[in-house]
**Q** 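Quick one: the structure is below, questions incoming.
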There are 2 protein chains.
Amino acid sequence: MARVTMADVAREAGVSTMTVSNVLNERLPVNEPTRARVMAAVAALGYEVNLTARHLRAGRTDTVAFIVPSFHDYFGEIADKIAPLIEADGRHLVLERTSASPEHEMAAVSVARLQYYDGVLLSVAGLDRDQLDRVRTPKPIVLLGERDVPDRFNHVRLANEEGARLATAHMIEHGSRRILALGCTFDTAHMMSSDRRAGWERALRDAGLDVDARHVVPVSTYTSAAGRDALLDVIASGLPFDGVFAVTDVIALGAIAALAESGLRVPVDVQLAGFDNLDMARFVPPGLTSVDADHEGVAETAVGLLRRQMAGWTGPAEHVVAPVSLVVRGSTRGGA
Amino acid sequence: MARVTMADVAREAGVSTMTVSNVLNERLPVNEPTRARVMAAVAALGYEVNLTARHLRAGRTDTVAFIVPSFHDYFGEIADKIAPLIEADGRHLVLERTSASPEHEMAAVSVARLQYYDGVLLSVAGLDRDQLDRVRTPKPIVLLGERDVPDRFNHVRLANEEGARLATAHMIEHGSRRILALGCTFDTAHMMSSDRRAGWERALRDAGLDVDARHVVPVSTYTSAAGRDALLDVIASGLPFDGVFAVTDVIALGAIAALAESGLRVPVDVQLAGFDNLDMARFVPPGLTSVDADHEGVAETAVGLLRRQMAGWTGPAEHVVAPVSLVVRGSTRGGA
DNA sequence: AAGCCGCATTTTATCGATAATATGACGGCA
DNA sequence: TGCCGTCATATTATCGATAAAATGCGGCTT
């Protein structure tokens with residue numbers, strides 16, 4: 001069961017290992033008869049190149065990593081968009097996960113691990129600016145996600161504030177006056193939820209409505225269960241509301257459950273909008289109005305930046321804010 | 001920006017590279033003063049081991065791959081269960097995807113790629129028995145998924161037929177008489193959908209009901225969109241039905257959308273049950289009754305088998321059928 | 001005091017491939 | 001005939017780490 005090496009193939013074909021290498025990599029030309037003998041030997045022995053050895057010597061793995069907090073939902077959907085773009089260049093995408101805990105994220109981002117990849121897409125959920133600043137790697141890297149990051153990194157994020165504003169303004173336009181910001185926070189350390197809160201706030205102000213701090217409802221984690229629990233608490237408290245802007249679709253799904261359990265009708269009693277436009281948003285009755293983050297476009301932008309670095313570009317890092325739009329469905333009154 | 005190697009550390013500390021290696025790996029004992037000098041040099045230079053070189057020499061990567069058809073939904077959820085189990089052994093999990101196309105799956109499974117990992121969990125969605133039989137690797141490998149696989153592989157799959165029977169019988173018990181098998185097929189090449197169809201059929205026969213071939217409704221792909229479209233077609237055709245067993249929760253979600261759009265009430269007019277018990281099933285109103293595949297247990301079983309192989313076990317392969325149970329929610333009449 | 005032993009450390013060889021360089025056969029041309 | 005260039009193939013050195021074997025030194029025994 002010993003592995004077949006290039007030397008075995010060379011012996012079988014009666015040539016040197018370099019000739020085998022040249023045949024397989026088409027680096028230097030090889031005469032046809034020799035070439036045929038080598039190919040025959042490769043087939044006969046079932047040889048496959050040892051990628052580790054190649055990497056050590058040639059410094060290339062043709063592999064890109066996408067490092068995510070979890071494999072779930074949003075990241076799974078994004079990853080499925082990124083993969084074909086990476087494969088189009090003849091490279092291979094692998095996912096690693098950091099559990100959204102800073103220690104794990106730092107470990108995944110340790111230079112030792114990154115060495116293996118030709119490039120890295122890092123979704124920065126659990127890392128703050130200081131931690132990122134400690135990441136010193138000569139490898140091409142692009143950051144994704146709603147965080148403040150050091151200038152030297154390429155970075156793609158969403159127009160969070162604008163998206164939240166769109167969704168909130170839309171609900172105001174269709175009659176909501178007391179809109180919860182579910183999963184939002186005043187804590188600026190987490191830019192996703194604080195920027196989206198700011199957008200919610202701006203929509204209210206633009207419409208001349210009061211901003212009531214009680215309407216900002218934090219969640220313990222970004223899960224449907226936490227969204228549901230938080231909204232049930234609000235309902236139980238008796239605080240009146242007629243709209244919910246959920247900071248993500250996953251949380252919006254929890255909100256849908258809470259509203260249904262409480263006998264509140266969507267969109268008649270309460271309008272609801274989410275953020276991310278996950279596949280699921282189209283199908284959950286009555287259809288979830290959601291801010292579309294254009295996964296496809298984000299993926300293309302990020303991969304484009306990475307590709308440029310892998311090709312040797314060393315210009316200044318770019319910080320892209322991807323535009324968003326509102327997809328209106330049945331959970332708000334503008335929908336069908 | 002040249003990388004710091006062990007030789008650089010050795011020079012800085014005034015020792016040989018082997019001493020550095022021994023300090024870092026704690027293989028042979030090293031005197032405390034020497035050890036301290038080495039650690040100081042490591043810190044001063046910011047040295048990190050080159051994992052590729054270590055792999056080439058030591059043959060170990062401490063990395064396990066989970067190879068999936070897509071990063072979405074079911075596989076994302078399973079992967080999040082598997083990751084902590086792998087990490088508990090001090091190893092690292094990465095995901096690769098095969099796009100559910102045979103060529104890609106074969107490429108991902110090529111011995112060349114597998115060499116990099118200490119072990120592989122392979123979700124066999126797009127591969128048939130013959131293709132799997134061509135996979136020859138000395139690496140520990142465990143197959144997951146609803147396919148017929150060669151005996152020599154360890155394999156974990158679900159009790160598909162029993163799960164489908166449970167779900168269908170439950171709907172019959174609560175009054176459904178004409179239950180569609182949405183996403184099912186008679187084609188035995190795809191065991192997931194044919195085994196689940198068989199379970200549906202058995203429940204009908206057990207209850208003395210007719211099996212109507214028109215009730216087996218295939219889908220073009222295993223997506224919510226395809227599930228919705230297929231069910232809308234049935235509704236448009238006028239074929240009467242009062243229950244839907246969807247072959248997966250993702251398809252059940254599409255069914256929910258189709259039913260809602262058509263003004264059919266769940267569970268009053270139509271009962272609905274899915275399979276997989278995804279997180280989402282708890283939250284989509286009125287709660288999706290679903291066959292629980294015990295992701296946690298499946299993950300533990302599969303990782304257990306893999307761990308055993310990585311520890312050197314060479315006994316015969318095991319073929320585990322994971323038990324399932326029915327989680328009743330509001331989409332069937334037994335629910336709350 | 002010679003000999004042996006144990007321990008810390010170094011030397012050597014190797015994992016499997018490939019970049020850079022060397023060799024050698026052959027043809028063309030003066 | 002002799003010299004040179006060209007093309008195919010072979011040799012050598014190397015990527016960075018580590019297993020195995022070698023060295024060397026101080027202490028202990030008799």
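Here is the naming used below: chain letters follow the sequence lines, and residue numbers restart at 1 for every chain.
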**Q** Base contacts versus sugar-phosphate-only contacts with protein, heavy atoms under 4.0 Å: please encode nucleotides 16-27 of chain D as B, S and - from 5' to 3'.
**A** BBBBB-------

**Q** Between A:Thr19 and D:dA10, does any side-chain N or O lie under 4.0 Å from OP1 or OP2?
**A** yes

**Q** How close do B:Leu95 and B:Ala79 get, heavy atom to heavy atom, and via which atoms?
**A** CD1-CB, 3.7 Å

**Q** Answer yes when B:Arg152 and B:Asp133 have at least one side-chain N-carboxylate O distance shorter than 4.0 Å, and no when they do not.
**A**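 Here B:Arg152 pairs with B:Asp133 in a salt bridge, since their nearest N and O are under 4.0 Å apart.
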
**Q** For residues 63-81 of chain B, which residue pairs qualify under salt bridge (Lys or Arg N to Asp or Glu O under 4.0 Å), counting only residues two or more places apart or in two chains?
**A** A:Arg97-B:Asp80

**Q** Can you check whether B:Tyr74 and B:His295 have ring centres sitting under 6.0 Å from each other?
**A** yes

**Q** Expected output is a numbered-order residue list: members of residues 31-43 of chain A with a heavy atom under 4.0 Å from any atom of DNA chain D. What is it?
**A**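 Within this stretch, A:Asn31, A:Thr34 sit under 4.0 Å of the strand.
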
**Q** Hey, would you say the B:Phe66 and B:Phe75 ring centroids sit under 6.0 Å apart?
**A** no

**Q** Which angle, rounded to 10°, do you find between the first-five-pair axis and the last-five-pair axis of the helix from C:dA1-D:dT30 to C:dA30-D:dT1?
**A**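 Taking the rotation axis at each end, their angle is 70°.
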
**Q** Provide the closest heavy-atom pair for A:Leu144 versus A:Ala302 in the form atom of the first, atom of the second, distance.
**A**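 Minimum heavy-atom contact is CD2-CB, 3.8 Å.
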
**Q** Would the distance check show the side chain of A:Asn50 and the main-chain N or O of A:Ala53 forming a donor-acceptor pair, the cut-off being under 3.5 Å?
**A** yes

**Q** Quick one: which residue pairs count as a salt bridge (Lys or Arg N to Asp or Glu O under 4.0 Å) with a foot in residues 9-18 of chain B, not counting sequence neighbours?
**A**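 For residues 9-18 of chain B: B:Asp8-B:Arg11.
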
**Q** Under the salt bridge (Lys or Arg N to Asp or Glu O under 4.0 Å) definition, can you give me all pairs with a residue in residues 308-319 of chain A, not counting sequence neighbours?
**A** A:Arg308-A:Glu318

**Q** Identify the heavy atoms of B:Val156 and B:Leu305 that sit nearest to each other, and give their distance.
**A** CG2-CD1, 3.8 Å

